[in-house]
Structures are given as structure tokens and as C-alpha cells.
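These notes are about the structure you will find just below.
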Amino acid sequence: MREYQPAEIEPKWRQQWEKQKLYRAAEGGSRPKYYCLEMFPYPSGRLHMGHVRNYSLGDVVARFHRMRGYSVLHPIGWDAFGLPAENAALKRGIHPADWTWQNIGYMREQMKKLGLSYDWDRELATCDPEYYRWTQAIFLLFYERGLVYKAASRVNWCPGCHTVLANEQVEDGTCWRCHSPVEQRYLKQWFLKITEYAEPLLKDLERLQRWPERVRTMQANWIGRSEGAEIVFPIQGRSETLTVFTTRPDTLFGVTYMVVAPEHPLVDSLVKGPEAAAAVAALRQAQVPVTERERELAEKIGTPTGSYAINPANGRPIPIWVGNYVLMEYGTGAVMGVPAHDQRDFEFARKYHLPVEVVISPDGRPRDGEALSEAYVEAGQLVNSGPFDGLDNEEAKQKIVSWLEERGQGKARVQYRLRDWLISRQRYWGVPIPLVYCDRCGTIPVPREQLPVLLPREVDLQPGERSPLARVESFVHTTCPRCGGPASRETDTMDTFVDSSWYYLRYACSHDDRQALDPQRVNYWLPVDQYIGGVEHAILHLLYSRFFTKVLRDAGWLQFDEPFQSLFTQGMVTLGGSAMSKSKGNIVDPEDIIARYGADTARTFVLFAAPPDRDLEWSEAGVEGIYRFLQRVWRLVGEWTEADHSAAGAPSDRQLRRLLHRTIQRVTTDISERFNMNTAIAAIMELVNGLYAYRARPLVEQSASQIDESLRTLTVLLAPFAPFMAEELWQMLGGQGSVHEQSWPLVDPEALQEDQVTVVIQINGKVRDRIQVAAGLSREELQQTALASPKVQGVLDGRSPRQVVVVPNKIVNLVI
RNA sequence: GCCGAAGUGGCGGAAUUGGCAGACGCGGCGCACUCAAAAUGCGUUGGGGUAGCCCCCCAUGAGGGUUCGAGUCCCUCCUUCGGCACCA
């Protein structure tokens with residue numbers, strides 16, 4: 001018999017499938033569509049085990065659905081812009097474009113080796129002008145719809161990457177990519193108004209029932225909706241007012257001071273006298289922290305401005321302070337201080353000897369604020385609150401807000417934690433922002449017919465004061481699209497998360513050169529039925545993509561507003577307990593595994609070793625185990641097809657048939673309902689074990705036709721996991737066409753029927769006996785049989801049970 | 001601190017609706033094949049008692065509860081991981 005030689009059969013079938021375009025996705029036809037997508041990779045150089053796991057999972061889903069009769073779209077592409085290309089350029093003197101395209105070439109080859117069933121005709125790369133041209137067009141659409149603006153604000157600056165970062169890209173005060181401590185700078189940058197979609201982005205999470213709870217919670221936390229009120233405080237002796245946002249309007253009568261952020265525009269005019277001015281200057285100097293992390297750890301300090309505001313509720317003057325803990329970016333940059341009912345305010349008040357006034361009490365009786373040891377933040381009744389005394393505090397929130405509204409001193413407001421998305425990057429290898437600055441006409445968008453604004457190839461990538469593109473004269477100098485006069489281009493490029501916010505749409509029409517999206521094809525394939533990727537994108541990519549989809553829907557480009565129906569987040573691949581990484585030196589290269597065991601083993605192992613949502617610890621012994629299993633399948637089929645089995649004329653065996661159909665059932669539900677590829681493979685292993693046991697019988701007791709049928713079904717079940725071997729075995733078994741074009745086997749319910757069942761007999765919940773009985777015995781019959789058991793008789797010792805619980809076909813529990 | 005997930009043999013993990021805990025694989029042990037080994041096939045493998053194939057006890061992070069019956073449901077606690085964390 002031929003040996004199992006993956007190195008021979010894998011390249012052979014790969015070529016065959018490519019030639020036949022076996023995995024091309026076709027629109028129309030009678031088959032229902034199914035869009036299976038894995039997050040596209042950054043072309044870093046080579047695939048790592050995380051990729052292998054992600055793409056093997058997706059490939060099983062795609063192949064399974066094809067066999068179940070769906071027309072499947074399963075595309076791949078490259079998230080090809082980004083900083084590593086520039087770093088490689090600096091380090092090795094290779095152009096970012098060349099480096100990127102070389103990597104793509106290598107990784108594409110690796111994917112093909114893995115036997116991933118992509119429709120390669122739809123491949124795309126975000127750094128391709130044919131792609132980013134449309135990224136620019138979508139940017140212009142956002143611009144026209146008023147969703148793009150430039151603003152000066154305090155931004156996150158990564159000194160390692162020499163660029164600004166979006167809020168979402170700061171992790172624990174460090175850069176998400178290089179983990180340098182993020183600094184705060186004050187710069188003018190381009191933003192996308194994602195906050196305008198905060199409400200639908202939050203609300204529609206409810207509809208994403210097939211997303212992991214965890215991811216929905218993370219997004220909801222990130223958006224951070226809070227209901228409250230804006231309250232206007234007059235400033236004593238001046239015409240300006242100070243507006244605060246609060247979630248506790250019910251505590252308005254307990255406000256004893258105000259605090260504004262150090263950067264608040266009114267601070268300078270509020271400061272009274274040289275002493276206060278010096279104190280405020282000192283506070284700003286000492287306490288505007290450089291990094292985000294320092295800012296979080298900083299002690300709460302403040303200093304009075306010398307000015308007073310008027311509490312609109314009771315007309316009392318209250319001091320206005322400047323405090324380092326008030327954020328200019330959230331709410332209005334000013335807060336009201338209610339020390340009796342907010343722990344932070346309480347600590348601040350105690351530190352600076354500010355009065356504490358109780359306005360909410362659990363029993364409705366007034367208390368002495370000075371006697372409190374901590375803030376009272378629970379519910380209660382209002383006290384010392386004029387006309388609102390005695391009200392329940394939740395009710396008082398509404399009443400006080402309406403009261404303020406009537407008097408023009410405030411209004412109800414919803415505040416979000418979510419900030420607008422900063423998309424400017426001071427880097428070269430990204431999509432140029434298609435805007436020009438004209439002295440006469442101002443900021444002008446590049447007309448669509450002039451797109452793409454191409455990245456110049458010749459560029460100096462050395463980090464410097466100005467970004468690389470700003471130093472390319474021929475790029476910067478241009479003419480104004482409106483007046484034709486001299487103008488200069490925007491030299492920032494876009495955050496690469498912009499590129500990846502719409503790529504899943506483009507797959508529907510990857511090479512359409514007339515439009516970004518062909519409405520007919522996009523609305524046919526989308527939304528994505530199953531999206532698979534790492535949980536590290538729970539906020540960033542998935543939130544941005546949802547935002548883009550909603551905007552494009554509002555613009556009439558799409559007929560749906562959520563891009564991903566079902567999301568699956570896979571676990572990490574670890575070695576020695578931690579994620580594989582170059583810096584830790586704990587890498588297993590998929591290339592080595594394929595070379596040694598073949599792609600089928602690599603795929604099947606990563607799917608078998610752990611449930612897909614959990615972390616997977618790499619195990620060389622486990623890989624060997626899978627390799628042995630595949631060889632075991634190979635021998636089973638090989639020995640059968642080569643042996644003379646004309647004597648195997650026994651009738652079909654009911655037990656083997658039941659095993660076969662139970663396996664079909666388990667594999668089917670494990671893939672489609674539970675996503676548990678590990679148990680699907682375990683079920684196939686059990687079938688193989690059963691077939692070996694059957695084959696150990698004398699030949700005359702075997703049924704040739706049943707073995708033949710079983711082996712064919714086994715091969716089909718194995719096809720999504722080990723596509724190369726399955727194809728080879730299918731051919732050995734004399735199957736017609738490709739195994740990957742076969743229909744998924746159906747379960748015969750009749751075959752599943754058991755005629756004998758094991759019923760467990762328990763006494764007081766402990767197993768005392770097991771009996772074999774005919775399936776479907778009635779409760780009474782079961783009870784009689786159980787009582788007749790000699791072991792039961794022994795334990796009962798003449799007593800009769802107080803109670804008998806019977807679950808037909810399963811259990812009899814006697815209670816004594 | 002707040003929110004969420006997880007904790008099962010020597011190891012990775014099964015147990016789908018509350019009904020035989022440990023499927024499947026790894027590792028270990030044994031047998032067959034072999035001159036021998038490897039490979040392969042078959043058997044065995046939670047702990048303890050007793051002793052060798054029959055029986056008993058214990059066992060799903062800890063403790064309590066609900067139930068005829070709990071890995072699964074409820075409460076308290078411990079540990080690990082993830083998210084959020086001056087958000088007014």
C-alpha cells in the first residue's frame with residue numbers, strides 16, 4: 001500500500017483546484033448565499049500560528065456551507081498600509097511598497113499551501129491605488145455629509161511612531177503598537193464624527209444577538225452613555241455663564257463649589273488677583289501631566305480662582321476652583337461639586353476645607369454634612385432642597401430638570417464617553433487625505449474624477465519635524481481644483497483602520513473600476529454571515545466598521561446597517577503559557593509544521609487541540625497525535641481499496657450504521673451550531689475507531705457495501721478539516737468529481753433509533769446497577785425491572801422505596 | 001474599585017435540556033507482530049481502601065443551599081484571565 005505522503009498529494013490537488021477555480025463565488029443562481037469572512041491579515045512577512053488558526057476555522061465554515069448547498073463567498077486580502085513597512089524601510093533600505101508586496105507574495109503562497117478555499121479572483125490590498133482610490137472617495141462622502149472636521153485639541157502623541165493616535169489606540173497610557181508611553185500634545189488634526197452615531201452604535205448592539213456578549217459589553221462600555229443634565233450657573237458680577245454636565249441634578253441644592261479644567265477657556269478671565277493667578281499658573285505648570293498614565297495617577301489638586309458662581313437653585317454664591325481632575329474633553333470641562341453625595345467631591349472638599357451639605361437622606365431627615373465620613377451616594381429623599389424636599393431622589397432628577405428648563409437654566413442631556421475618531425497620521429505609508437489648501441478658496445476636497453491622490457514613491461522616511469509627505473515638494477505643490485491658483489496638499493495620511501472599515505464590502509466587487517461599491521452585488525452578498533477574528537479588535541476595528549456601515553447606509557449606498565451578522569472571536573495560540581511573539585522567542589513557524597507533517601495535520605491540529613474560543617497551548621506531541629490519526633484514516637481506506645473483499649457479503653450491521661449516522665449528526669451540529677471543531681474531530685475519530693473494530697471481524701461477517709458507504713461518508717466529513725487527504729481518499733474510493741463538491745451527508749433518523757438502552761438504577765442518587773432493556777419501556781415496566789435487580793434487592797434488604805423517580809430510557813432512582 | 005469570563009485526571013479537553021463525570025487525543029503501563037527495535041494493531045489507565053477483574057468509599061477551586069438527583073441552578077468566598085477605571 002502507498003504511504004501517506006502529504007508532500008506529494010498536497011501540491012497536486014492545490015494545482016488541480018486552482019485550475020478548476022473550484023472556490024469561485026458566483027452571484028445569482030438558485031443557491032442561497034453565504035458570506036464567510038476572516039479578518040484580513042497585515043502582511044508582516046509570514047503567517048503565524050494565530051493566522052493558521054483563524055483561517056483554518058473560517059475554511060471549515062466556508063467548506064461546510066458549500067457542501068450544504070450554499071453559494072459561498074470566502075475572500076481574502078491584505079491590510080497592507082501601516083507603520084512596520086516604514087520601519088523595515090529605515091532598517092533595511094527597502095521601499096515600503098516593495099517590502100509590502102514581497103510579503104504579500106510570500107504569505108499568499110503560504111495560504112495556498114494551507115489549502116484555504118478562497119476565491120482568489122477577489123483578492124485586494126489596501127495599499128493598491130485601485131483600492132485606496134475608493135477609500136479616498138468614501139472619505140469625500142463623509143466630508144460632504146459633514147462628518148469630517150479639523151480641530152485643534154489635546155491629542156495622543158506616540159513618540160515611538162512619530163504620529164498621533166486615536167483614543168481607541170491608547171492602551172494603559174501606551175501606544176497599541178509599540179507600547180511607548182503616549183504623550184499629550186496640542187495639535188490641529190482631522191476627525192471623523194463617530195460621536196454623531198453614538199446612539200445607534202450603542203442601541204443596535206442589542207440586535208447583535210450572535211455576537212459574543214463580551215464584545216457587546218466592551219463596546220457599550222466604550223461608548224459609555226450617561227443620562228443627565230446641563231446646568232447653567234451665572235458668574236457673579238459678569239455676563240458669562242458656566243455650564244456643567246451632571247448625572248445628579250437631584251443634588252443641585254448641595255453644590256458648594258465648582259471646578260473647571262485647567263484648559264477651560266474661561267479660566268484666565270475668572271482668575272482674580274495676582275496671587276490666584278500665580279497659583280493657577282503653578283497648577284497648570286505642575287499638573288498638566290505629560291502622559292496619559294501620569295494623568296490618571298495624579299493626585300487631585302486644585303486652587304481657587306477668586307471668582308464666584310451663583311447656584312441657580314438657591315441663589316447662593318459658590319467659589320469657582322481650577323482642578324487637575326476635571327477633563328476638558330468630557331462634558332463641558334466644568335463640574336459642580338457636591339461633596340455630600342460624590343466621593344471624589346467629598347475628598348476634594350475635605351482636603352480644601354470646603355463646606356459639605358447633605359441634600360439627600362435615607363429617611364428624609366436632615367443630617368450634618370460635616371459629620372459624614374464618606375459621601376452618601378445611595379438613593380433617598382431630598383432635604384434642604386426648597387420646594388423639592390421630601391421627593392424621592394430619582395423623581396427629583398426629572399422635576400429639577402424640568403424646573404430648570406422652564407427658567408432657561410438647564411436642560412436634559414445625554415453624554416457619551418466616546419470621542420470623535422482622530423484619523424490624521426503623520427506618516428508616509430497610508431492613504432493620502434484628499435484635500436488641498438488654497439489661500440483664496442480655503443480647504444477644498446479633491447474632485448472625485450481626480451482620484452486617486454497617489455502616494456509619491458520617492459520620499460525621505462527619516463523621522464523629523466515634518467511628516468515625510470510634507471517634505472516631498474512635488475506632492476505638496478498643486479493647483480486649487482476650484483480656482484486653479486497655487487495650492488498645497490494635505491500631507492497627513494489616514495489611520496489604517498479607515499482602510500479596514502470597509503474592505504468587507506469591497507470584496508463583493510473587488511475590481512469594479514467605476515465605483516467603490518456596486519449596490520447590486522454588495523446588497524446581494526452582504527451582510528457578512530459569519531465573521532471570525534481575534535478579540536483584540538473588539539473595540540477598534542469592529543466599532544469603526546459598524547460606524548462606516550451606518551454612514552454608507554444613510555448615504556443610500558447600502559440596504560443594511562450592521563455589517564456582521566454573527567461574530568466569532570477565537571483565542572490566542574500560546575507556547576509556554578504566553579502568546580507566541582518574536583521578542584519572547586517562543587515561535588512555532590507554520591512553515592516548519594507544513595514541511596514536516598503537511599497542511600492537513602497543521603489545520604486539523606489547531607482545530608482539535610482546544611475549543612476555538614479558548615487559548616490554545618501548542619503541543620508538539622499533540623501534532624504527532626493528529627498526524628497519526630490521519631495516517632490511521634489513510635490506512636483504513638488504503639487497505640480496503642487494495643484488498644480483495646469479494647467474500648465480505650454479510651448483511652448491513654445496524655450498530656455500525658447507527659455509529660455512522662450519529663457521527664454525521666454530531667459533526668453537523670458541532671460545526672454549524674456550536675462552532676466546536678474539537679468535538680467534531682473527536683466524533684470522526686470515534687467513527688474511525690469503530691470502523692477499525694468492525695474490520696477486525698472475519699471477512700465473511702463484514703458487508704462490503706456498508707464499508708464502502710461508511711468510508712465515503714467518512715471522507716466527506718473529513719473534507720472541511722483535511723481537504724487534501726479527503727480529496728485523495730475520495731479518488732481512491734472511486735468517487736466522482738471533487739470531494740469538495742459533494743453534498744453534506746444527511747442523517748437518517750431511523751438509523752439513530754436504539755433498540756437496546758442502558759438504564760442506570762440509583763438508590764438515593766447513587767449508581768447501584770445498570771440494566772440493558774429494550775428502548776421505550778414504560779415507567780411501570782422500568783420500575784418493575786429495576787426492583788427485580790438482585791443488586792437492588794440486596795441493598796433494599798426487604799425495605800420498599802419511599803419514592804421512585806423514573807426517566808424513561810435513562811434512569812430509575814429509588815429513594816429509601 | 002466596578003463589570004464580565006473561567007477553574008474538571010499526569011496534560012489538552014468531553015459531558016448539547018439538572019440524569020452513568022472524565023468522550024476524543026497526548027502521556028504512562030501491558031500484550032501481539034518482530035531475531036530485535038521502530039512503526040502498527042489490540043488492551044489498560046481519576047484517587048484511595050480491599051486486594052489483583054466484585055465490592056466499598058472519595059472526587060469537577062473552597063464552603064453552604066435547592067433537588068429524588070448538581071460539573072451544570074442559587075448564595076458566600078478563593079484563584080486566574082480579560083475589559084473599564086478621575087467620565088462628573
Side-chain angles (χ1 to χ4, degrees), chain A residues 171-172 212-222 224-226 228 244-248 251 259 261 295-300 323-327 329-338 342-345 347-348 415-419 535-536 538-539 571-572 605 608-611 613-626 628-629 631-632 635 665-666 669-670 673-674 676 678-689 692-693 695-696 758-770 791 794 801-807 809-816:
Chain A
E171 298 172 349
D172 276 337
E213 175 82 48
R214 195 162 56 124
V215 174
R216 283 184 287 154
T217 309
M218 281 164 73
Q219 291 212 356
N221 287 343
W222 190 264
R225 183 183 201 269
S226 44
V244 302
F245 172 74
T246 179
T247 55
R248 295 296 304 274
T251 63
V259 193
R295 190 185 168 87
E296 280 164 15
L297 297 175
E299 195 196 348
K300 286 186 212 27
N324 66 335
Y325 70 97
V326 177
L327 306 174
E329 296 82 12
Y330 186 77
T332 61
V335 301
M336 59 187 215
V338 189
D342 181 287
Q343 189 57 26
R344 268 171 326 192
D345 293 349
E347 285 161 23
F348 192 81
Q415 176 70 38
Y416 299 92
R417 204 190 77 106
L418 181 72
R419 315 275 163 84
V535 75
E536 65 274 14
I539 295 171
M572 286 186 308
F605 171 72
F608 178 70
D613 52 346
R614 238 186 275 180
D615 286 352
L616 182 159
E617 172 70 11
W618 185 264
S619 148
E620 199 64 34
V623 179
E624 292 273 359
I626 289 296
R628 273 205 295 269
F629 162 66
Q631 285 177 298
R632 202 166 141 82
R635 278 192 302 271
Q665 188 181 45
R666 285 174 64 189
T669 58
D670 281 353
E673 284 165 37
R674 303 179 350 131
N676 280 2
N678 55 328
T679 50
I681 294 167
I684 297 175
M685 288 172 168
E686 285 184 66
L687 173 62
V688 171
N689 291 345
Y692 263 90
R695 292 278 289 123
T758 306
V759 171
V760 171
I761 304 174
Q762 297 182 332
I763 293 174
N764 289 342
K766 290 193 173 170
V767 180
R768 293 298 161 179
D769 199 6
R770 298 180 172 91
K791 284 184 192 162
R802 277 193 293 126
Q803 193 191 344
V804 182
V805 181
V806 182
V807 182
N809 291 337
K810 278 200 172 149
I811 206 161
V812 177
N813 191 12
L814 307 169
V815 187
I816 55 172

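What you see below is based on every heavy atom in this structure, not just the backbone, and it leaves out hydrogens, waters and symmetry mates.
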From [atom1] of [X] over to [atom2] of [N], roughly how many Å is that when rounded to an integer?
X: A:Trp618; N: B:C26; atom1: CH2; atom2: C1'; result: 14 Å
X: A:Arg417; N: B:C2; atom1: CZ; atom2: C1'; result: 13 Å
X: A:Ile763; N: B:G69; atom1: CD1; atom2: P; result: 14 Å
X: A:Met218; N: B:G82; atom1: CE; atom2: P; result: 11 Å
X: A:Asp613; N: B:G82; atom1: CG; atom2: C1'; result: 13 Å
X: A:Asp769; N: B:C56; atom1: CG; atom2: C1'; result: 15 Å
X: A:Phe605; N: B:C26; atom1: CZ; atom2: P; result: 12 Å
X: A:Glu171; N: B:C84; atom1: CD; atom2: C1'; result: 13 Å

So, is A:Lys766 near the phosphate of B:C68, with a side-chain N or O under 4.0 Å from OP1 or OP2?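 Answer is no, no contact under 4.0 Å.
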
May I ask you to verify if any side-chain N or O of A:Arg614 is less than 4.0 angstrom from the OP1 or OP2 atom of B:A14? yes

Is [X] touching bases, backbone alone, or none of the nucleic acid, heavy atoms closer than 4.0 Å?
X: A:Gly331; value: nothing
X: A:Asp615; value: sugar-phosphate
X: A:Asp342; value: nothing
X: A:Arg419; value: base
X: A:Ser226; value: sugar-phosphate
X: A:Thr246; value: sugar-phosphate

Suppose we screen for side chain to side chain donor-acceptor pair (under 3.5 Å). Which residues come up paired with [X], at least two apart in sequence or across chains?
X: A:Gln762; answer: none
X: A:Arg419; answer: none
X: A:Tyr416; answer: A:Glu199
X: A:Glu624; answer: A:Tyr597

With C1' as the reference atom in both, quote the distance from B:C20 to B:G69 in angstrom, rounded to an integer.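 Their C1' atoms lie roughly 12 Å apart.
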
Distance, P atom - from B:A6 to B:G10, rounded to whole angstrom: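 After rounding to an integer number of Å, I get 23 Å for this pair.
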
Which residues satisfy the ring-ring contact (aromatic ring centres under 6.0 Å, His included) test with [X], sequence neighbours excluded?
X: A:Phe629; value: none
X: A:Trp222; value: none
X: A:Phe605; value: A:Trp618

Any side-chain donor near an acceptor of the partner, A:Asn221 and A:Arg417, under 3.5 Å: no

Is any side-chain N or O of A:Asn221 under 3.5 Å from a base N or O of B:C84, one able to act as donor and the other as acceptor? no

Paired with [N] by Watson-Crick or G-U wobble geometry, both distances under 3.5 Å: which nucleotide is it?
N: B:C26; value: B:G10
N: B:U34; value: none
N: B:C77; value: B:G61

Nearest listed nucleotide, side chain of A:Val815, among B:A85, B:C55, B:C68: B:C68

Under the salt bridge (charged side-chain N to carboxylate O under 4.0 Å, His left out) definition, can you give me all pairs with a residue in residues 212-221 of chain A, not counting sequence neighbours?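 Every pair satisfying salt bridge (charged side-chain N to carboxylate O under 4.0 Å, His left out) with a residue in residues 212-221 of chain A: A:Glu213-A:Arg216.
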
Please tell me which of A:Gly622 and A:Lys810 maps to the more 5' nucleotide of RNA chain B, matching each residue to the nucleotide holding its nearest heavy atom. A:Lys810

How should the glycosidic conformation of B:G9 be described, syn or anti, under the criterion that syn lies within 90° of 0?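 In terms of base orientation relative to the sugar, B:G9 is syn.
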
Check nucleotides 20-24 of chain B against the protein and report each pair of N or O atoms closer than 3.5 Å, with its distance, or say if there are none.
{"unit_1": "B:C20", "atom_1": "O2", "unit_2": "A:Arg770", "atom_2": "NE", "d": "2.6"}
{"unit_1": "B:C20", "atom_1": "O2", "unit_2": "A:Arg770", "atom_2": "NH2", "d": "3.2"}
{"unit_1": "B:A23", "atom_1": "O2'", "unit_2": "A:Glu686", "atom_2": "OE1", "d": "3.4"}
{"unit_1": "B:A23", "atom_1": "O2'", "unit_2": "A:Glu686", "atom_2": "OE2", "d": "3.0"}

All N/O contacts under 3.5 Å from nucleotides 38-41 of chain B to the protein, with atom names and distances to one decimal?
{"unit_1": "B:U40", "atom_1": "O3'", "unit_2": "A:Arg635", "atom_2": "NH2", "d": "2.9"}
{"unit_1": "B:G41", "atom_1": "OP1", "unit_2": "A:Arg632", "atom_2": "NH1", "d": "2.9"}
{"unit_1": "B:G41", "atom_1": "OP1", "unit_2": "A:Arg635", "atom_2": "NH2", "d": "3.1"}

Mind listing the closest non-hydrogen atom pair of A:Thr247 and A:Ser226 along with its distance? CG2-CB, 4.0 Å

Within the sub-3.5 Å range, which N or O atoms of nucleotides 44-50 of chain B have a protein N or O partner, and how far apart are they?
none

Partners meeting salt bridge (Lys or Arg N to Asp or Glu O under 4.0 Å) with A:Glu536 (sequence neighbours left out):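 Partners of A:Glu536 under the salt bridge (Lys or Arg N to Asp or Glu O under 4.0 Å) test: none.
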
